[in-house]
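The structure appears right after this line, and notes come after that.
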Amino acid sequence: DKQKNIATFLLYTAFIGVILLFIFSLGKYVVPLISPFIAAWVVALMLQPAINFIDKHTKIPRGISTIVLLIVLSGIIFFVGYITVKELLSELTSISDRITIFLESLRRDENKVSELIEKINSIIPIFDVSKVLTDYWNNFDENIISLFQTIATNISSDIMPFLTGTITFVADFFVVAIIFIIAIYYIAVDFKKIS
């Protein structure tokens, strides 16, 4: 009876181990492979009302209406992405210009610098940072040049791995995007059968 209990315990342990291994393998290897198809199914589901409407009220074949809707959807996504990047770059340029104007105004008026340093110093009650900030401001141009030289050195040493990584990422992205769009098309056209 004791041996039977041990055998049952070992059997259950082995079974749980196999289940856990299966879940781990599913999460690590299978999910990344099928995730574009799951996302494609979700997009196809969202397109169904429009496809069904066109199918019901026009004589346009389901395949053609799906292609047209996919082109329109892709266009909207690319347009929104373009506008977002453009606005972000514009905002960064604006911030950069404001910082430059602010620094120029500080260079013209040393009293402003002193007031600003005193304000910062009053915010930090434990340490007296006025001397450090004054020294930094007096050597501001040299510090900025040194900072840019450090950045340039780091960029030049890391540029090849960065470019290789970027090219690989772009290539992978396009492959996934093409698979994603093709999957959306086929799922959307035969949505009921596939679902």
Side-chain angles (χ1 to χ4, degrees), residues 1-97 151 154-195:
D1 191 50
K2 191 178 179 182
Q3 286 179 338
K4 191 178 177 183
N5 287 341
I6 292 168
T8 306
F9 172 76
L10 291 172
L11 189 66
Y12 277 124
T13 306
F15 180 72
I16 291 166
V18 168
I19 294 292
L20 290 173
L21 186 65
F22 175 74
I23 291 167
F24 173 77
S25 300
L26 194 71
K28 190 173 182 183
Y29 302 108
V30 179
V31 171
L33 290 173
I34 64 169
S35 58
F37 299 101
I38 294 167
W41 184 85
V42 171
V43 175
L45 176 66
M46 290 164 64
L47 289 174
Q48 283 312 293
I51 294 167
N52 291 335
F53 179 83
I54 294 167
D55 196 34
K56 188 178 177 182
H57 293 90
T58 66
K59 291 181 179 180
I60 299 169
R62 195 174 173 84
I64 291 171
S65 63
T66 303
I67 288 170
V68 170
L69 285 170
L70 268 175
I71 290 167
V72 170
L73 182 67
S74 300
I76 290 167
I77 290 166
F78 281 116
F79 178 73
V80 168
Y82 169 75
I83 293 295
T84 304
V85 171
K86 189 181 174 187
E87 285 299 316
L88 185 65
L89 289 173
S90 173
E91 197 60 38
L92 287 171
T93 305
S94 174
I95 290 166
S96 174
D97 291 342
I151 291 168
N154 289 338
I155 287 171
S156 62
S157 64
D158 295 338
I159 194 104
M160 281 312 292
F162 174 76
L163 283 174
T164 307
T166 303
I167 290 164
T168 306
F169 172 77
V170 169
D172 289 347
F173 173 79
F174 274 111
V175 169
V176 170
I178 289 163
I179 292 168
F180 183 59
I181 290 165
I182 291 168
I184 292 170
Y185 172 77
Y186 282 110
I187 292 168
V189 169
D190 293 319
F191 189 78
K192 287 181 182 176
K193 289 178 187 176
I194 289 166
S195 293

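Heavy atoms only: backbone and side chains are in, while hydrogens, waters and symmetry mates are out. Quick caveat: nothing in here was measured; it's all calculated off a predicted structure.
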| message | Let's go through Phe180 and Val43 carefully: what are the C-alpha distance in whole Å and the side-chain angles of both, what is the deciding distance for side-chain contact (heavy atoms from CB on, under 4.5 Å) to 0.1 Å, and is it a yes or a no? | response | CA-CA 10 Å; Phe180 183 59; Val43 175; 3.8 Å; yes

Derivation of the side-chain contact (heavy atoms from CB on, under 4.5 Å) call for Val68 and Ile60:
CA-CA 11 Å; Val68 170; Ile60 299 169; over 6 Å; no

If you apply the rule side-chain contact (heavy atoms from CB on, under 4.5 Å), what do you find for Ile19 with Phe15, and how did you get there?
CA-CA 6 Å; Ile19 294 292; Phe15 180 72; 4.1 Å; yes

Worksheet item: Can you list the steps and then say if Ile178 with Ile182 is a side-chain contact (heavy atoms from CB on, under 4.5 Å)?
Response: CA-CA 6 Å; Ile178 289 163; Ile182 291 168; 3.7 Å; yes

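Between the side chain of Ser74 and the main chain of Leu70, a donor-acceptor pair closer than 3.5 Å is present. Counting only distance, with no hydrogens or angles, the side chain of Ser94 and the backbone of Ser90 share no donor-acceptor pair below 3.5 Å.
Taking CD1 from Ile76 and CD1 from Ile71, the interatomic distance works out to 12.0 Å, rounded to the nearest 0.5 Å. Taken from CD1 in Ile184 to CD1 in Ile67, the straight-line distance is 13.0 Å, to the nearest 0.5 Å. In this structure, the separation between OH on Tyr186 and NZ on Lys193 is 13.5 Å, given to the nearest 0.5 Å. Atom CD of Gln48 sits about 7.5 Å away from atom OG1 of Thr66, to the nearest 0.5 Å. Here the CD1-CZ distance, from Ile83 to Phe78, works out to 14.5 Å after rounding to the nearest 0.5 Å. With values rounded to the nearest 0.5 angstrom, Leu89 atom CG is found 11.0 Å from Glu91 atom CD.
The shortest non-hydrogen separation linking Phe37 to Ile187 is O-CD1, 3.9 Å. Heavy-atom minimum distance, Leu45 versus Phe191: CD1-CZ, 3.4 Å. Scanning all heavy atoms of the two residues, the minimum distance from Arg62 to Asp55 falls at NH1-OD2, 3.9 Å.
Residues Thr84 and Leu88 fail the side-chain proximity criterion, which asks for heavy atoms closer than 4.5 Å.
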